Peer 1: 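Please find one structure pasted underneath; my questions will follow.
Naming convention: chains lettered A, B, ... in sequence-line order (proteins, then strands); numbering from 1 in each chain. Since we're looking at a predicted model, the values are computed, not measured.
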Number of protein chains: 2
Amino acid sequence: MNKVEIKKEIVLNVAQDIFAQYGLTKTMIDDIAKAAGVGKSSIYYYFKNKEDIFRAVIETQVQKVQEKIRASINAAPTPQEKLKAFVISRMKSFREVAHIYNHVFKDEYLKHYEYIQKIRKDYDQMELDLVASILSEGINSGVFKIQDPSLASFVIMVGIKGLEYEWATSTDIQKMEQDTEKLFEILFHGIMK
Amino acid sequence: MNKVEIKKEIVLNVAQDIFAQYGLTKTMIDDIAKAAGVGKSSIYYYFKNKEDIFRAVIETQVQKVQEKIRASINAAPTPQEKLKAFVISRMKSFREVAHIYNHVFKDEYLKHYEYIQKIRKDYDQMELDLVASILSEGINSGVFKIQDPSLASFVIMVGIKGLEYEWATSTDIQKMEQDTEKLFEILFHGIMK
DNA sequence: TAATATATCGAACAAATTGTTCGAAAAATT
DNA sequence: AATTTTTCGAACAATTTGTTCGATATATTA
């Protein structure tokens, strides 16, 4: 990582915190510049404009969430446990980025419809593929009996998203994991051979 | 409370939340108006300007903190327990208004030096008087041996403020109360007859 | 009901804010 | 020493936003 990339990283890190607290519109370039310890105009040496920084922050966040989820799935041995790992890891990661998540998907989603929508859509598709691949693996190894994996993963994702609100308001992670366990107990007995 | 006062109260309540989150400068009149469900210009029927709302919010907060502290002192039977009640109640109240407290006394204290300084000064004086009166009561009832109550209360207040940072960063209220207990154990044995 | 007072808001404006550009000056590299 | 890379102050343009004002709606009073 060369010098420019390091500086970019620094700016991105402070921008992440400030955006998380204030959102896109209420964050000023000078806020970021001051926090990063550089002049306001220097920011434009690294990024095209404010939205460019915001986009980079969001993309970094999304990528980190993806990586965490993938890692926890890979660490799980069986398809059943992979599914559980996916749900729990997703839940935890979302809680970690809850602040910026609120700004992106609630406060200001109207103004920046286009590219936020695209990021969201891409992310949703990636999750769908992930779940579908877990299900396929389960079918191949003979533990799941599913006719249409992509349909099943769609249903699973819809279910998870339906629980999002409940998870967002709860503070007891252990209880959430227990609830997830219960959910999957029912789900597994519906699809297991 | 008449209609105007009720509306003022509503505006003040939403303004409190928004100021707590964004601070004075980053809060827009329209944010408050939208949250209160009124037109932007209607706000000016109730308040002179933005700072007027901010000042009212701060004053309300300060007053509520004062009331809580006074109530808990009155509920305590002995001077020793009144002192303890003061410290613990103050600590808890400050934690409750921590968000707005940060904005008022950290982020923007330079811009609005004059009246924030005055509010702070008045509040400090009130606390000083409160502690002094508790000490006086203790002296009169013969449980405290103090030459100069106002000097002693000044020292106590300085001590409490010195602990503020530690309290602000800690999340374990029970531990904080235990620490306070220890502090007062020492203090009491120094001043008790 | 008519008349008066109270309450609300849209539109417009002035002032301030702030994202962005640009050229010059450091700092680093060749 | 020359050239390239990096940084930033100052200025500008565009936007934002606090505030005003007159008109309209709603409530009150006579």
Peer 1: Each nucleotide in nucleotides 18-26 of chain C should get exactly one letter: B, S or -. Can you fill that in based on protein heavy atoms under 4.0 Å?
Peer 2: SBBBB----
Peer 1: Sequence neighbours excluded and cut-off under 3.5 Å, please list the side-chain donor-acceptor pairs for residues 28-37 of chain B, or say none.
Peer 2:
from, atom 1, to, atom 2, distance (Å)
B/D30, OD2, B/K34, NZ, 2.9
B/D31, OD2, A/K26, NZ, 2.6
B/D31, OD2, B/M28, N, 3.1

Peer 1: Provide, to the nearest angstrom, the distance between the CD1 atom belonging to A/I43 and the C1' atom belonging to D/dG9.
Peer 2: 15 Å
Peer 1: Could you state the NZ-P distance from A/K7 to C/dA27, rounded to the nearest angstrom?
Peer 2: 12 Å
Peer 1: What is the minimum heavy-atom distance between A/F47 and A/V11, and which atoms define it?
Peer 2: CE1-CG1, 3.7 Å
Peer 1: Between atom CZ in B/F54 and atom C1' in D/dG18, what is the gap in whole Å?
Peer 2: 16 Å
Peer 1: Rounded to whole angstroms, how far apart are OH on B/Y45 and P on D/dT26?
Peer 2: 15 Å
Peer 1: Just wondering, do A/K92 and A/K68 contact through their side chains at under 4.5 Å, heavy atoms?
Peer 2: no
Peer 1: Please report, to 0.1 Å, the donor-acceptor pairs under 3.5 Å made by any side chain of residues 52-66 of chain A, with sequence neighbours excluded.
Peer 2:
from, atom 1, to, atom 2, distance (Å)
A/D52, OD2, A/K48, N, 3.1
A/T60, OG1, A/A56, O, 2.7

Peer 1: Looking at side-chain heavy atoms only, is the closest gap between B/F144 and B/E137 below 4.5 Å?
Peer 2: no
Peer 1: Using whole Å, what does the distance between atom P of nucleotide C/dA7 and atom CD1 of B/I10 come to?
Peer 2: 14 Å
Peer 1: Answer yes if B/L151 and B/L128 sit in the same cluster of Ile, Leu, Val, Met, Phe, Trp and Tyr residues linked by side chain heavy atoms under 4.5 Å apart, and no otherwise.
Peer 2: no
